[in-house]
Peer 1: 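Let me give you the structure first, and then I'll get to my questions.
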2 protein chains.
Amino acid sequence: MPERPASPPPAGRNLLFLREEELRLAQDLLYFGYRDFTAGADRILDGLGMGRAHHRVIHFVGRAPGIKVGDLLAILAITKQSLGRVLQPLIEQGYVRQSPGLTDKRQRLLHLTATGEALERQLFEAQREWVLRAYREAGPQAVEGFRQVMRGLMGPEARAQFEGLERQSGRARPAFLRSA
Amino acid sequence: MPERPASPPPAGRNLLFLREEELRLAQDLLYFGYRDFTAGADRILDGLGMGRAHHRVIHFVGRAPGIKVGDLLAILAITKQSLGRVLQPLIEQGYVRQSPGLTDKRQRLLHLTATGEALERQLFEAQREWVLRAYREAGPQAVEGFRQVMRGLMGPEARAQFEGLERQSGRARPAFLRSA
DNA sequence: CTTTTTCGGTCAGCAAGATTGACACATTTT
DNA sequence: AAAATGTGTCAATCTTGCTGACCGAAAAAG
């Protein structure tokens, strides 16, 4: 029978961490971690009669102002009918604004209104505290490891989308992704 | 203006990694990572006319054989009506088996049948490959960081539940958690 | 021993958020 | 002029949650 490593992780590279049990633990970790990560924002959304779907739209429109409907659909990986049911109310209630594409007038570029930005911030703050605590407790090196693994869990498409957000974040609303 | 650290994480402890942008990136990371993590199992479930809810039941019954319905409800954080609608078919279709509690006969302890274990394994294999790749690419140290952060993202309840699974995993079906 | 509480199941109705298929319209591309 | 693209919309359906009400068996409390 192989021995388990002692409680602090072994310094040297080894293969024990790939054992089946470690991978099942990863499943648990992702389930519980993701669930509680979203809980804070969910409570706020509840009070507004919104759900996670609304949050995702607000989040990603906030992350990529001027994003095209088609690109948002690709990120959310849902149908346009599903998006429509969430996006339409957000527009009617003044959280999201549409503007025609600059070169292609069929496009509807999406932006947050001032109200939308305020809500985005409120939702962000709820999760910010939570993630901040986890990051602080774990330390910068662990955070870097976390990022690497999460990035590795993405498929090629998601990775491209993520890198699009990563690149443009903090800059002045550039063209989004490599679409067409 | 503060400088960003160079691409490899800075050796020394610093506070830059707590900036707002880093935390928004964490949101993206969790969204994309979790989404693609579940995708493999989802495809299998689709073919069986099951959904993620079924997977969660199979997973956690497999993780803690002999788990009580009440403890499973606490882990899944859903109502017993919601669980019933998923659990009942799983029992009828022979994936899950119930047995009366050893000391308390009101309890129904849940186990996977041989069929259930086969399905659990099939679902596990799908995610195993995916997580394995991410773990391998990131390396053992990053994996340890990932674990720390994910653990930090859990609330106190989830942490206790997770530790219960962690403790008992690999051992011969001990009593589950600290219930009552 | 009686009462109350707990564990689990079940019925009925409702809502959110996803799906598919079909179709419409304006615009861009060929 | 025709085809393809970007977006919107109608209608029906499915999964997975929810609430409220109620039941039965067994355990715990009195």
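Chain identifiers are assigned alphabetically (A, B, ...) following the order of the sequence lines, protein sequences preceding nucleic acid strands; residue numbering begins at 1 within each chain.
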Peer 1: Please lay out, stage by stage, how B:Y34 and A:F37 fare under the test ring pair (Phe, Tyr, Trp, His ring centres under 6.0 Å).
Peer 2: CA-CA 11 Å; B:Y34 190 76; A:F37 161 68; 9.9 Å; no
Peer 1: State whether A:Q88 places a side-chain N or O below 4.0 Å from either non-bridging phosphate oxygen (OP1 or OP2) of D:dT9.
Peer 2: yes
Peer 1: Is there a donor-acceptor contact under 3.5 Å linking the side chains of A:H59 and B:D28?
Peer 2: yes
Peer 1: Check side-chain hydrogen bond (donor to acceptor under 3.5 Å, both in side chains) between B:Q88 and all other residues, then give those that pass, not counting sequence neighbours.
Peer 2: none
Peer 1: Within 45° of the six-membered ring axis of A:F124 and under 6.0 Å from that ring's centre, is NZ or CZ of B:R24 located there?
Peer 2: yes
Peer 1: Would you kindly give the CG-to-C1' distance between B:L73 and D:dT16, to the nearest whole Å?
Peer 2: 14 Å
Peer 1: Take atom CD in B:Q141; do more than 12 heavy atoms of anything else shown fall under 6.0 Å from it?
Peer 2: no
Peer 1: Quickly work out the A:K68 NZ to D:dG8 C1' distance and round it to whole Å.
Peer 2: 17 Å
Peer 1: Please state how far atom CD in A:Q107 lies from atom C1' in C:dC25, giving the value in whole angstrom units.
Peer 2: 16 Å
Peer 1: Give the B/S/- string for nucleotides 13-23 of chain C, one per nucleotide from 5' to 3', where a protein heavy atom under 4.0 Å of the base yields B, of only the sugar-phosphate yields S, and otherwise -.
Peer 2: ----BBBBBB-
Peer 1: Given atom CG of B:D42 and atom P of D:dT15, what is their separation to the nearest angstrom?
Peer 2: 14 Å
Peer 1: Below 30° counts as parallel, above 60° as perpendicular, anything between as tilted: where do the rings of B:Y135 and B:F146 land?
Peer 2: perpendicular
Peer 1: With a 3.5 Å cut-off and just heavy-atom distances, do the side chain of B:R106 and the base of C:dT6 make a donor-acceptor pair?
Peer 2: yes
